[in-house]
**Student:** 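Structure incoming, see below.
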Amino acid sequence: MEDCIFCKIAAQQLPSAKVYEDEQFSVFMDINPVGKGHCLLIPKTHHEDVFTIPEDLLRDLIVVAKRLAKAIKTGMNADGMYIWQANGRAAGQLIPHYHMHFLPRWEDDKLTIGSWEPVAGNMDEIQAVAEEIKKGF
Ligand code: AMP
Ligand code: ZN
């Protein structure tokens, strides 16, 4: 879809710190990470949210989600994994292209997560984390 940032990332028309891709999905680091390792899983095709994404695609996506969660956990030696997904402005969805957030958690990370304002991360650090996650696949 024209003017969709995530469609452009999927089509490699915009840069991203890519972690994984296959025919249907792409995974890249969030540029405003809530914590270390924050990344996003998207379908390459444009669907706005859980209300419109086809069920078949969602079935395939959840399998990739599981593999990704394990890869992040292994690659970053995480203790746990926070996974979330916003649908619609009312739920805080900023980018209207379906995406699932992944955030590795450690017992002592002291993160508190509620609503948050985007804060740009350091791209060198983000790229280094992408490499750590790739090793987990
Ligand atoms: P949501 O509120 O679920 O729509 O979250 C959208 C997420 O996309 C936010 O965490 C943003 O930091 C992230 N984001 C926005 N633009 C980009 C981009 N160009 N590359 C990576 N992540 C992005
Ligand atoms: Zn899109």
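Order of appearance sets the numbers: ligands from 1, and atoms from 1 within every ligand. Excluded from the calculations below are hydrogen atoms, water molecules and symmetry mates; all remaining heavy atoms, backbone and side chain alike, are included.
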**Student:** Answer with side chain, backbone, both or neither: which part of Tyr98 has a heavy atom less than 4.0 angstrom from an atom of ligand 1?
**Tutor:** neither
**Student:** Atom 15 (C) of ligand 1: which protein heavy atom is closest, and how many Å away?
**Tutor:** Ile95 CD1, 3.9 Å
**Student:** Non-hydrogen atoms of Gln85 versus ligand 1: any pair closer than 4.0 Å?
**Tutor:** no
**Student:** How wide is the angle at the Zn ion (ligand 2) between ND1 in His46 and ND1 in His97, to the nearest 10°?
**Tutor:** 110°
**Student:** Say whether Gln93, considering both its backbone and side-chain N or O atoms, lies within less than 3.5 Å of an N or O atom on ligand 1.
**Tutor:** no
**Student:** So, His47 and the Zn ion (ligand 2): N/O/S under 2.8 Å, yes or no?
**Tutor:** no
**Student:** Using a strict threshold of under 4.0 Å (side-chain N to carboxylate O), is an ion pair present between Lys135 and Glu131?
**Tutor:** no
**Student:** How about Gln24 and Asp60: does a side-chain donor come under 3.5 Å of a side-chain acceptor?
**Tutor:** yes
**Student:** Do His47 and His97 have a side chain donor and acceptor closer than 3.5 Å?
**Tutor:** no
**Student:** Going by heavy-atom distance to atom 4 (O) of ligand 1, choose the closest among Ile126, Leu94, Asn32.
**Tutor:** Leu94
**Student:** Applying a 4.0 Å heavy-atom criterion (strictly less than), which segment of His101 is in contact with ligand 1: side chain, backbone, both, or neither?
**Tutor:** side chain
**Student:** One residue to check: Ile9. Relative to ligand 1, which of side chain, backbone, both or neither has a non-hydrogen atom less than 4.0 Å away?
**Tutor:** side chain
**Student:** Give yes or no for whether the N/O distance cutoff of 3.5 Å, strictly under, is met between Gly92 and ligand 1.
**Tutor:** yes
**Student:** Which of these, Asp30, Ile31, Ile5, has its nearest heavy atom closest to atom 20 (N) of ligand 1?
**Tutor:** Ile31
**Student:** Nearest protein heavy-atom contact for atom 8 (O) of ligand 1: which residue, which atom, what distance?
**Tutor:** Phe6 CZ, 3.5 Å
**Student:** Output the list of atoms in ligand 1 that are nearer than 4.0 Å to some heavy atom of Phe28, sorted by atom number.
**Tutor:** 21 (C)
**Student:** Number the atoms of ligand 1 from 1 as they appear, then name those within less than 4.0 Å of a heavy atom of His99, with their elements.
**Tutor:** 1 (P), 3 (O), 4 (O), 5 (O), 6 (C)
**Student:** With a 4.0 Å cut-off on heavy atoms, is Trp84 touching ligand 1?
**Tutor:** no
**Student:** Give a yes/no on ligand 1: does Val34 have at least one heavy atom closer than 4.0 angstrom to it?
**Tutor:** no
**Student:** Phe28 and Phe6: aromatic ring centres closer than 6.0 Å?
**Tutor:** yes
**Student:** Inspect the surroundings of NZ in Lys134 and state if more than 12 heavy atoms from other residues, nucleotides or ligands are less than 6.0 Å away.
**Tutor:** yes
**Student:** Using side-chain contact (heavy atoms from CB on, under 4.5 Å), reason through Glu21 and Gln12 one step at a time and then give a plain yes or no.
**Tutor:** CA-CA 11 Å; Glu21 77 172 324; Gln12 310 211 40; 3.7 Å; yes
**Student:** Regarding Lys44 and Glu23, does a basic nitrogen lie under 4.0 Å from an acidic carboxylate oxygen?
**Tutor:** no
**Student:** In terms of hydrophobic clusters joined by side-chain contacts under 4.5 Å, are Ile83 and Leu40 together?
**Tutor:** no
**Student:** Are Leu103 and Trp84 packed together at the side-chain level, in the sense that at least one heavy-atom pair is separated by less than 4.5 angstrom?
**Tutor:** yes
